[in-house]
Protein chains: 2
Amino acid sequence: MSKKEKIEICHCNIIHNDIVEEVRKLLPGNDVCINLAEFYKAFADQTRLKILKALLHSEMCVCDLTAALGMTQSAISHQLRILKNMKLVKYRKAGKVIYYSLDDNHIKDIFKAGFDHINE
Amino acid sequence: MSKKEKIEICHCNIIHNDIVEEVRKLLPGNDVCINLAEFYKAFADQTRLKILKALLHSEMCVCDLTAALGMTQSAISHQLRILKNMKLVKYRKAGKVIYYSLDDNHIKDIFKAGFDHINE
DNA sequence: TTTATATATGAGCATATGTTCATATGTAAA
DNA sequence: TTTACATATGAACATATGCTCATATATAAA
């Protein structure tokens, strides 16, 4: 490999070719990474975190969530749509009221790992 | 409670006062939520995800990471700084070369939960 | 049918985020 | 000390994100 080629890759020499090759094979494809990042994004915002934490306690209607979080109904509704698209919450209608609940079993695990981290 | 007061809270009537009260007490404080959201943000980006996944395999220098991910050295370095600030990676110097490695035991758990979710 | 209530949604705006480019810093070799 | 290389960093830019405001939709009650 000429010096020029190395520079084209990373502006410096590759130190450990074996590790680089292994890691290249090991890394998930771009589509998987996009989905994974999308999933974690759900937890990367205070409002969504609170919504998920609240729904971990019990199913709630939009109005309950609005009151519990002390935010506008519009803000809650927008975030619920995002969580719904991510398949993290589901809903059921009861007349005018719409009840949201969790739609993923791994949310508890994610919370646990998060709390463990910040409590270190 | 007058109608006016209700409107000030959420523009609609509170449906389940008991649940709202319980959830209010149960929700983590704002500071905790900020820290939690910060932690999850580390995983909410493709590049950082790949870096963490790579370091899960073995410690790597910046140049290795740059080559393995096929990105610019600058981009990698900026993201490493973020991960360092979040206490997710640590580093050791060896002459000119700086080796990064994971600094958190829960990263594996987070990955597992993420993969479990997208594989459902 | 009219009115009220619960929720959803589009547009606009301010802020945050991720990358690139240029360059600085630090360390080792010549 | 000079040169080369590994890494870090600031500025700029484009895009993404989250909220608010106004308004739409849907359902139930009057």
Side-chain angles (χ1 to χ4, degrees), chain A residues 3-4 6-16 20 33-34 37-38 40-51 59-86 89-100, chain B residues 3-4 6-16 20 33-34 37-38 40-51 59-86 89-100:
Chain A
K3 189 179 178 188
K4 185 133 193 305
K6 289 180 195 168
I7 287 175
E8 278 170 7
I9 294 174
C10 71
H11 290 268
C12 58
N13 299 304
I14 295 173
I15 309 292
H16 309 94
V20 169
C33 283
I34 288 174
E38 278 302 307
Y40 295 125
K41 257 177 212 163
F43 299 85
D45 171 77
Q46 277 195 71
T47 302
R48 288 193 296 271
L49 263 186
K50 286 176 183 170
I51 291 176
E59 104 177 335
M60 292 175 79
C61 67
V62 178
C63 201
D64 289 347
L65 284 168
T66 300
L69 300 209
M71 301 183 61
T72 67
Q73 178 266 319
S74 179
I76 299 292
S77 218
H78 278 297
Q79 296 298 355
L80 282 172
R81 186 158 52 93
I82 293 173
L83 293 172
K84 199 168 54 187
N85 290 341
M86 290 176 174
V89 304
K90 62 189 180 206
Y91 64 92
R92 69 178 176 87
K93 291 191 177 184
K96 285 184 291 189
V97 182
I98 299 183
Y99 291 94
Y100 280 84
Chain B
K3 190 180 178 186
K4 187 136 192 304
K6 289 179 197 169
I7 288 175
E8 279 170 7
I9 293 175
C10 70
H11 291 268
C12 59
N13 300 305
I14 295 175
I15 311 290
H16 309 94
V20 169
C33 284
I34 289 174
E38 279 300 308
Y40 295 125
K41 256 176 214 165
F43 298 86
D45 171 76
Q46 277 196 69
T47 303
R48 287 193 296 272
L49 263 186
K50 286 176 183 170
I51 291 176
E59 103 177 335
M60 291 176 80
C61 66
V62 179
C63 200
D64 289 347
L65 285 168
T66 300
L69 300 209
M71 301 184 61
T72 67
Q73 177 265 318
S74 179
I76 300 291
S77 219
H78 278 298
Q79 296 298 356
L80 282 172
R81 186 158 52 91
I82 293 174
L83 293 172
K84 199 168 53 186
N85 291 340
M86 290 174 175
V89 304
K90 62 190 180 207
Y91 64 92
R92 70 178 174 87
K93 291 191 176 184
K96 287 184 289 189
V97 182
I98 299 185
Y99 291 94
Y100 281 84

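Chain naming here is simple, since letters A, B, ... match the order of the sequence lines and numbering starts at 1 in each.
In this structure, CZ of A:R81 is placed 21 Å from P of C:dA6, rounded to the nearest angstrom. Atom CG in A:L69 sits roughly 12 Å away from atom P in D:dT20 (whole-Å rounding). Between the C1' atom of D:dG18 and the CD1 atom of A:I51 lies a distance of 12 Å, rounded to the nearest Å. Distance A:Y99 OH to C:dA6 P: 11 Å, rounded to the nearest Å. Following rounding to the nearest Å, A:N85 (CG) and C:dA8 (P) show an atom-to-atom distance of 12 Å. The nearest whole Å value for the distance from the CG atom in B:L65 to the C1' atom in D:dA8 is 15 Å. Atom pair B:M60:CE and D:dA6:C1' shows a separation of 15 Å (rounding to whole Å applied).
In this structure, NZ in B:K96 is found 12.0 Å from SG in B:C61, a value given to the nearest 0.5 Å. The structure places CD1 of B:I51 at 4.5 Å from CG of B:L80, a figure rounded to the nearest 0.5 Å. We find the CE-CG distance between B:M60 and B:L65 to be 4.5 Å, quoted to the nearest 0.5 Å. Between the CD1 atom in B:I98 and the CD atom in B:E59 there is a gap of 12.0 Å [rounded to 0.5 Å]. With rounding to the nearest 0.5 angstrom, the OH atom of B:Y99 is 3.5 Å from the NE2 atom of A:H16. To the nearest 0.5 Å, the span separating NZ on A:K50 from SG on B:C33 amounts to 5.0 Å.
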*Could you run down nucleotides 15-23 of chain C 5' to 3' and tag each one B, S or - for protein heavy-atom contact under 4.0 Å?*
--SSSBBB-
*What is the per-nucleotide protein-contact pattern of nucleotides 25-30 of chain C, from the 5' end, where B denotes a base atom under 4.0 Å from a protein heavy atom, S denotes such proximity for sugar-phosphate atoms only, and - denotes neither?*
-BBS--
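Between B:A67 and A:V20, the shortest heavy-atom distance links the atoms CB-CG1, 4.0 Å. Taking every heavy atom of both residues into account, B:Q73 and B:V62 meet most closely at CG-CG1, 4.2 Å. Here the closest heavy-atom approach between residue A:K41 and residue A:R48 is recorded as O-NH2, 2.9 Å. B:L49 approaches A:Y40 most closely through the heavy-atom pair CD2-CE1, 3.8 Å.
Contact annotation: B:Y91 does not reach the phosphate of D:dA6 (side-chain N/O to OP1 or OP2, under 4.0 Å). Note on A:Y100: every side-chain N or O is 4.0 Å or more away from OP1 and OP2 of C:dA6.
One end of the helix from C:dT1-D:dA30 to C:dA30-D:dT1 points its axis 10° away from the other end's axis, with each axis taken from 5 pairs and the angle rounded to 10°.
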*Please lay out, stage by stage, how B:Q79 and B:M71 fare under the test side chain to side chain contact (heavy atoms under 4.5 Å, CB included).*
CA-CA 11 Å; B:Q79 296 298 356; B:M71 301 184 61; over 6 Å; no
